[in-house]
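Atom set for the values below is all heavy atoms of this structure, side chains included, hydrogens, waters and symmetry mates excluded.
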Amino acid sequence: MLDHTGIIVSDLTAARRFYDAVAEALGLQTASNSPESFLFGHSAEQPIPYLWIGTTRPSYWVEGSRAGLNQMHVAFVARDKAMVDAFHRAALAAGGRDNGAPGPREGAGDYYGAFVLDPDGNNIEACCRGVAAR
């Protein structure tokens, strides 16, 4: 179960544009958190789980870490295949790079997903499972 996670980005404006588009496609929201960060999640009424996105260097990072190094993978739940497809289109239109077009994944059973790289190279996915993926 995801409570929260976070990624560091080099350009907050580009990241906000990208994640605003992805949030809209997935029926989620972004919210300002500080001048150096924002949150990506369900809503103010359902604040957890969330993804923290910012430019601040966390105190727990090992020396040498930076945006784009030690990339992260985050998968968001989609309602159905149409939502996965919408995520992929929105992410590409907002500056993301294709990292796996929407479709079933071999050996994953009833699983349908799409992968994009955000402006800093983090691997962002939307997927659905089970009946929704058929």
Check: [Y] and [X] side chains under 4.5 Å, non-hydrogen atoms:
X	Y	value
F115	I124	no
D118	I7	yes
R16	S32	yes
N122	H73	no
T55	I8	no

Over all atoms of both residues, closest heavy-atom pair of [X] and [Y]:
X	Y	value
A90	A21	CB-O, 3.6 Å
A126	L26	CB-CD2, 3.9 Å
F18	P119	CG-CD, 3.7 Å
L12	P35	CD2-O, 3.5 Å
C127	A75	SG-CB, 4.5 Å
Q29	A23	N-CB, 3.9 Å

Are [Y] and [X] connected into the same hydrophobic cluster when the rule is that any two of I, L, V, M, F, W, Y join if their side-chain heavy atoms are below 4.5 Å apart?
X	Y	value
M72	V22	yes
V131	Y112	no
Y19	V77	no

[atom2] on [Y] to [atom1] on [X], rounded to 0.5 Å:
X	Y	atom1	atom2	result
D85	M83	CG	CE	11.0 Å
E125	H88	CD	NE2	11.0 Å
D20	F38	CG	CZ	6.5 Å
D11	R17	CG	CZ	7.0 Å

Check: F40 vs F76 aromatic rings, parallel, tilted or perpendicular, using cut-offs 30° and 60°?
Finding: tilted
Backbone of [Y] reached by a side-chain donor or acceptor of [X] within 3.5 Å:
X	Y	result
N99	L117	no
R97	G95	no
R105	Y111	no
N33	S37	no

Note to self: Among R129, K81, R134, which residue satisfies the salt bridge (charged side-chain N to carboxylate O under 4.0 Å, His left out) criterion with D110?
What the structure shows: R134
